[in-house]
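Written out below as structure tokens is the structure these notes cover.
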2 protein chains.
Amino acid sequence: MDTLRERKKQRTREALLRTALELFTTRGYEDTTVDDIADAVDVSQRTFFRYFAGKEEAALALQEMTETHFLRAVRDRPPQEAPMDALRLAVLDSWDTLSEVVESVAPVEVFLRMYQVIESTPVLLAAHLRRSLETEEAIARVLAEREGVDIDADPRPRLAVAVFGGVMRLTERSWSTGGDTSLDAIRALTVQYLEQVGPALTGSWRTD
Amino acid sequence: MDTLRERKKQRTREALLRTALELFTTRGYEDTTVDDIADAVDVSQRTFFRYFAGKEEAALALQEMTETHFLRAVRDRPPQEAPMDALRLAVLDSWDTLSEVVESVAPVEVFLRMYQVIESTPVLLAAHLRRSLETEEAIARVLAEREGVDIDADPRPRLAVAVFGGVMRLTERSWSTGGDTSLDAIRALTVQYLEQVGPALTGSWRTD
DNA sequence: TTGTCAATTGTCAGTGACTGTCACTAGCCT
DNA sequence: AGGCTAGTGACAGTCACTGACAATTGACAA
């Protein structure tokens with residue numbers, strides 16, 4: 001990345017991504033065409049598709065980064081922690097250090113606003129959910145290795161991650177539809193929801 | 001539904017759907033164009049889009065039916081059952097009575113093969129996951145009402161359903177990638193996975 | 001410095017999903 | 001029988017995306 005060519009490429013990619021996110025968060029995803037993005041950066045449409053597999057990939061680029069970040073956080077957890085504890089502490093740690101990861105591309109607010117765009121754009125939400133599945137699979141493998149179990153023989157790794165993923169998905173949803181769209185808010189929701197998993201699964205909820 | 005017009009419409013829709021499923025399961029989803037389907041039924045492409053919002057909707061029509069079926073099964077559970085018990089018994093009941101629902105449109109094998117197509121086609125899987133979210137929301141509302149809690153104040157209904165949904169998603173996945181693609185197999189997997197949720201969430205998995 | 005090679009880009013043509021419009025046809029109803 | 005309306009086909013257009021080829025431009029050695 002020190003040759004002129006590579007720096008140029010880097011700059012083009014960043015320009016495309018930043019412009020795309022800018023347009024998506026202001027004008028909306030569906031109302032932004034790939035041509036709009038390419039024109040704004042002054043490259044051909046074809047070039048956009050050389051950098052991104054599709055419009056979706058650009059829209060989800062930040063989320064991709066944070067999921068990778070989360071995966072790394074899980075890997076870095078001390079091995080003596082129980083699986084669910086490791087997951088919980090890894091997410092919380094991820095939220096706390098998220099800015100550092102995201103800021104290299106765009107301000108955190110853009111990341112946060114993109115979340116709302118995703119949640120309110122059916123095709124984006126769909127794509128996001130599918131990608132989350134892939135992340136979950138990777139995490140399940142990490143957990144399986146930590147605990148020394150065979151991921152194909154023992155369903156617990158994938159099961160734990162699926163449950164955890166379900167809770168996180170719900171967290172994202174209620175954060176993005178709620179009033180407070182700050183990082184602190186999503187952190188607090190995470191804690192709150194994870195605490196409630198146990199109660200939600202056991203017996204009746206009736207208080208009478 | 002007894003005028004000639006309506007019978008004709010019904011027939012056109014069924015022909016389109018059956019043909020679409022036939023082509024998707026033999027040739028594959030991506031290798032089937034809407035024109036292929038329309039031509040095979042001898043209607044214009046425009047007509048296809050008058051019956052289905054898109055290619056995806058046709059591909060997921062059977063799954064839509066079974067999800068509605070499942071939702072109904074949840075509603076029909078005796079109210080004294082604990083939420084998670086109601087969900088578990090409702091899915092199992094759904095699998096058992098699935099044929100009746102599906103057979104009106106296509107043989108159950110088509111339904112089962114479509115599941116594999118969905119699981120192996122990224123854009124379909126994505127769309128399927130998103131629709132599942134909508135079903136989950138509906139189920140959460142049913143549970144909340146059963147238990148007499150406020151769905152917006154108490155996170156437990158959505159939480160329970162999210163966890164349950166995560167497990168079901170995993171069940172679908174491992175069924176569709178596994179060897180036995182029968183209804184019995186998916187039923188057995190459902191039972192097995194639900195039993196393992198508890199163990200997966202608690203403490204360490206190490207046996208040493 | 002220059003010439004060669006390889007990477008990057010633009011242009012163009014094409015496909016496939018989907019939408020709006022409008023005229024036409026065919027059941028429906030009196 | 002004749003008017004009304006739902007359903008259809010034909011057509012044109014948009015947008016995401018792809019393959020192919022030619023033009024450009026940086027890299028690197030002679």
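Below, chains carry the letters A, B, ... as their sequence lines are ordered, and counting in each starts from 1. All figures in this text were calculated on a predicted structure; none of them were measured in a lab.
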Revision key, fill the gap. For nucleotides 24-30 of chain D, 5' to 3', base contacts (B), sugar-phosphate-only contacts (S) and non-contacts (-) with protein non-hydrogen atoms under 4.0 Å give -BBS---
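Heavy atoms of B:Y51 sit under 4.0 angstrom from primed sugar atoms or phosphate atoms, though from no base atom. Backbone-only engagement by B:T47 is indicated by non-hydrogen atom pairs under 4.0 Å involving sugar-phosphate atoms exclusively.
Counted by atom type alone, B:S176 and B:Q116 present zero donor-acceptor pairs between their side chains at under 3.5 Å.
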Produce the list of close N/O pairs, under 3.5 Å, pairing protein atoms with atoms of nucleotides 19-21 of chain C; give distances to one decimal.
residue : atom : partner : partner atom : Å
C:dG20  : N7   : B:R46   : NE           : 3.3
C:dG20  : N7   : B:R46   : NH2          : 2.8
C:dG20  : O6   : B:R46   : NE           : 2.7

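The separation between A:K55 atom NZ and D:dT18 atom P is 14 Å, rounded to whole Å. Summarising the geometry, the separation between CD on A:E56 and C1' on D:dA16 is reported as 10 Å, rounded to the nearest angstrom. The distance from atom CZ of B:R13 to atom C1' of D:dT8 is 17 Å, rounded to the nearest whole Å. Protein atom CZ of B:F48 is 15 Å distant from nucleotide atom P of C:dG16, rounded to whole Å. Whole-Å rounding puts the B:D42 CG to D:dG7 C1' distance at 16 Å.
Checked for salt-bridge contact, A:R141 and A:D152 miss the test: no charged N lies under 4.0 Å from a carboxylate O. Ion pairing of B:R27 with B:D36 is present here, as a side-chain N (NZ or NE/NH1/NH2) and a carboxylate O approach within less than 4.0 Å. A salt bridge is absent between B:D2 and B:R7: the closest approach of a Lys/Arg side-chain nitrogen to an acidic carboxylate oxygen does not fall below 4.0 angstrom. Salt-bridge formation is detected for the pair B:R88/B:D85: a Lys NZ or Arg NE/NH1/NH2 atom is positioned less than 4.0 Å from an Asp or Glu carboxylate oxygen.
Taking every heavy atom of residues 14-40 of chain B and every atom of DNA chain C, pairs under 4.0 Å involve B:T32, B:T33, B:V34, by number.
Ring planes of B:Y115 and B:F111: perpendicular class, angle over 60° (limits at 30 and 60°).
Across every non-hydrogen atom of A:R169 and A:L129, the tightest pair is CD-CD2, 3.5 Å. Counting all heavy atoms, side chain and backbone alike, A:P83 lies closest to A:L143 at CB-CD1, 4.2 Å.
For A:D150, the CG atom is densely surrounded, since the number of other residues' heavy atoms within 6.0 Å is greater than 12.
Applying the salt bridge (Lys or Arg N to Asp or Glu O under 4.0 Å) test between B:R173 and each of A:E134, A:E137, A:E136 identifies A:E137 as the sole match.
Contact between the side-chain N/O atoms of B:K9 and the OP1/OP2 oxygens of D:dG7 is found at a separation under 4.0 Å.
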Check your understanding: Yes or no on side chain to side chain contact (heavy atoms under 4.5 Å, CB included) for B:V191 and B:E195, after CA distance, side-chain angles and deciding distance?
Key -> CA-CA 6 Å; B:V191 173; B:E195 273 173 358; 4.0 Å; yes
